[in-house]
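Since we're looking at a predicted model, the values are computed, not measured. Below, chain A is the first sequence line, B the second, and so on; all start at residue 1.
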Amino acid sequence: MHDNTMQELETRRYFAAGLLEWYDRNKRDLPWRRTSDPYHIWVSEVMLQQTRVDTVIPYYFRFLEKFPDVEALAHAPEEEVLKAWEGLGYYSRARNLQSAVREVHERYGGTVPDRKEDFSSLKGVGPYTAGAVLSIAYNVPEPAVDGNVMRVLSRFFLIEDDIAKGPTRVKMEKLARELIPEGEAGSFNQALMELGATVCTPRSPHCLTCPVMERCRGRLEGRAEELPVKTKAKPPRIEARAVALIEGSGPHAGKLLIRRRPRQGLLANMWELPHIEIERPAGKAAAAQQGAEMEALGAGLAETDGVTVLPERWLMDAEHIFSHIRWELAVYRCRLDPRFEAAGLPPHYRWLDAGEMERYAFPNVFLRILAEVGIEQT
DNA sequence: AATGCGGGGAT
DNA sequence: ATCCCAGCATT
């Protein structure tokens, strides 16, 4: 595999040249391919971590409209950045990006550094993002190995190492680095990813339209579809939760009670409807279960937040699947205890007016629930 | 090396 | 229902 015989070197040149020529003719017209601004390219690469192109495109435009340059993002309130990221997921990406951009603003005078040691040291910039931004923005000959690239390389060179393992990525990076044609780092890295995204797909790869099919060992040996080898992740754990939809009265009529999540951990700093984790035994009658859950919800919110509510009736169920947790939510309409209302709310609680949705960033699952009860952002 | 961290589209 | 996506940070 790593013997640099003349045959192997020739195959590598064939691979790189074939990919470059194909990319030049077939590349998609993507927004971040119409700019040479390193900051814009950087934003696109962070958004594209674990996220599909079609999902990213609208976020990319909105984000850069709000924060068009390093200066703008560096000076923005974190809440606005989080709101601009709302729905994209992995919210630490947004926080890390802003932190990194602030460092670029202060330490590098607003110019995205073009040296690997400098750029890689920034928050949220790992091996992939460093290689992608440096090669695409500055044509620095660094590899950019993501899931697409590992799939393409594992098939073409018939590499059977488990791509879920750390050392495999290092091995792929070494190979990818050696494949980069002189002066073509940006185009070559994008060509590799583009092939993985559009031709060398996880299932049913389109081998017959592949520019390098003639020497693809995976295809020639009939094993393209079984590559790459990857250990499968364990299923998410289930968490049952009871959610309180609390409508205000008097001065708070028409508003809903929301709370902010802790600054660390899952969905950090985002807003949500108050809820608690509950036991949900299987096989219990729905009515009895709902009664038990309403009682637990009242007691739970009193205990955890000191907020006293009176659950009245079941409203809807909702489900949300993270990569590691599966939330099964039951939403209950509640009244706030009038004696409590006079006492005042805990500091992380707010009354939400339907007209000020733009001030609070919610995880998608709560946006869906709010839409269901008639509160949507315009 | 293993785990935490969102959300959605393709099959 | 399953896979996996232009991954990174923390432990």
Side-chain angles (χ1 to χ4, degrees), chain A residues 27-28 30-33 41-60 82 85-97 99-100 120-137 143-152 162-170 172-173 176 186 188-198 200-206 225-226 228 230-237 261-262 264-270 272 318-327 361-368:
Chain A
K27 63 183 170 193
R28 290 170 290 179
L30 302 176
W32 41 91
R33 288 182 178 158
I41 292 168
W42 182 10
V43 167
S44 77
E45 290 300 341
V46 174
M47 288 184 171
L48 286 162
Q49 291 167 13
Q50 300 297 94
T51 310
R52 288 168 193 286
V53 164
D54 291 336
T55 304
V56 165
I57 288 174
Y59 283 93
Y60 175 82
L82 198 59
W85 210 269
E86 178 186 68
L88 253 191
Y90 287 130
Y91 299 97
S92 66
R93 292 185 295 177
R95 192 190 324 277
N96 288 339
L97 175 62
S99 165
S120 296
S121 72
L122 299 169
K123 279 275 197 333
V125 178
Y128 166 75
T129 307
V133 173
L134 292 175
S135 66
I136 296 171
V145 173
D146 64 357
N148 282 321
V149 171
M150 288 201 280
R151 184 172 58 254
V152 171
D162 183 349
I163 65 167
K165 306 288 187 190
T168 305
R169 200 205 72 236
V170 175
M172 297 278 189
E173 284 171 349
F188 177 73
N189 285 344
Q190 292 183 85
L192 211 39
M193 294 187 278
E194 187 86 343
L195 189 78
T198 63
C200 196
T201 47
R203 280 172 291 192
S204 309
H206 309 105
E225 284 206 64
E226 57 187 79
K230 184 179 184 182
T231 57
K232 61 173 188 238
K234 60 178 184 183
R237 68 172 184 274
R261 296 181 59 84
Q264 303 258 332
L266 185 69
L267 302 168
N269 265 347
M270 300 194 71
E272 64 181 5
E319 179 182 80
H320 192 61
I321 304 175
F322 304 92
S323 44
H324 58 307
I325 307 172
R326 176 197 189 97
W327 273 359
F362 291 91
N364 266 4
V365 62
F366 293 108
L367 289 177
R368 288 198 302 271

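- The main-chain N or O of A:R28 is found under 3.5 Å from a side-chain atom of A:R33 such that the two form a donor-acceptor pair.
- With distances taken from any side-chain atom of A:Y90 to the nucleotides C:dC8, C:dA6, B:dC5, the minimum falls on B:dC5.
- For A:N96, whose side chain is taken as the heavy atoms from C-beta onward, the closest listed nucleotide among B:dC5, C:dC5, C:dA9 is C:dA9.
- A:I163 places its CD1 atom 12 Å from the C1' atom of C:dG7, with the value rounded to the nearest Å.
- Of the P atoms belonging to C:dC8 and B:dG8, the separation is 22 Å, rounded to the nearest Å.
- Regarding A:L267, its CG atom lies at a distance of 15 Å from the P atom of B:dG4, rounded to whole Å.
- We find that CG of A:N148 is positioned 12 Å from C1' of C:dG7, with the value rounded to whole Å.
- Taking atom CG of residue A:L48 and atom C1' of nucleotide B:dG7, one finds them 14 Å apart after rounding to whole Å.
- Put simply, CZ on A:R93 is 14 Å from P on C:dC5, counting in whole angstrom units.
- Among the atoms of the strands shown, base atoms are found under 4.0 Å from some heavy atom of A:R33.
- Nucleotides C:dA6 and B:dT3 place their C1' atoms 22 Å apart, quoted to the nearest Å.
- A:A164 and A:T231 get closest at one heavy-atom pair: CB-OG1, 3.4 Å.
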| said: For A:L266 and A:I325: C-alpha separation, side-chain torsions, deciding distance, then whether side-chain contact (heavy atoms from CB on, under 4.5 Å) applies. | reply: CA-CA 10 Å; A:L266 185 69; A:I325 307 172; 4.2 Å; yes
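- Relative to the side chain of A:T51, the nucleotides B:dG6, C:dC5, C:dG7 differ in distance, and B:dG6 lies closest.
- Between A:P127 and A:E173, the shortest heavy-atom contact is CB-OE2, 3.4 Å.
- Under the rule for a salt bridge (Lys or Arg N to Asp or Glu O under 4.0 Å), A:R93 has no partner lying at least two apart in sequence or in another chain.
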Find every protein N or O atom lying less than 3.5 Å from an N or O atom of nucleotides 8-11 of chain B, and list the pairs.
unit_1, atom_1, unit_2, atom_2, d
B:dG8, OP1, A:N364, ND2, 2.3
B:dG8, N2, A:R52, NH2, 3.3

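- No engagement by A:R95 is indicated, since no non-hydrogen atom pair under 4.0 Å with the nucleic acid exists.
- Distance, A:W42 CH2 to C:dA6 C1': 16 Å, rounded to whole Å.
- Atom NZ in A:K234 sits about 10 Å away from atom C1' in B:dG4, given to the nearest Å.
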| request: Test side-chain contact (heavy atoms from CB on, under 4.5 Å) on A:L267 and A:F322 and set out the steps. | output: CA-CA 11 Å; A:L267 302 168; A:F322 304 92; 3.8 Å; yes
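- If you check B:dG4, C:dC5, C:dC8 against the side chain of A:Q49, the one that comes closest is C:dC8.
- Spacing of P atoms, B:dG6 relative to C:dT11, comes out at 16 Å, to the nearest Å.
- When side chains are defined from C-beta on, A:Y60 does not count as touching A:L48, because their heavy atoms never get closer than 4.5 Å.
- Between A:H320 and A:W327, the two ring planes are tilted [angle within 30° to 60°].
- Heavy atoms of A:L30 sit under 4.0 angstrom from at least one base atom.
- A residue-by-residue look at A:V365 and A:K165 shows that A:K165 has its nearest nucleotide of DNA chain B further toward the 5' end.
- For C:dG7, its base never sits under 3.5 Å from the side chain of A:Y128 at any donor and acceptor pair.
- Listed nucleotides: B:dG7, C:dC5, C:dA6. Nearest to the side chain of A:E194: C:dA6.
- Among the protein residues, A:G265 comes within range of the sugar-phosphate backbone only, with heavy atoms under 4.0 Å from sugar or phosphate atoms but none that close to a base.
- Looking at heavy-atom distances under 4.0 Å, A:P167 makes contact with sugar-phosphate atoms alone, never a base.
- Residue A:H324 places no side-chain N or O under 4.0 Å from the OP1 or OP2 atom of B:dG4.
- Among the heavy atoms of the strands, none lies under 4.0 Å from A:S92.
- When heavy atoms are screened at a 4.0 angstrom cut-off, A:V149 is found touching no nucleic acid atom at all.
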| field | side-chain contact (heavy atoms from CB on, under 4.5 Å) between A:Y90 and A:Q50, intermediate numbers included | value | CA-CA 9 Å; A:Y90 287 130; A:Q50 300 297 94; 3.8 Å; yes
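- To the nearest angstrom, C1' of C:dC3 lies 8 Å from NZ of A:K230.
- Nucleic acid contact for A:R326: none, since no nucleic acid atom lies under 4.0 Å from a heavy atom of the residue.
- Within the nucleic acid shown, A:W32 comes within 4.0 Å of at least one base atom, counting heavy atoms only.
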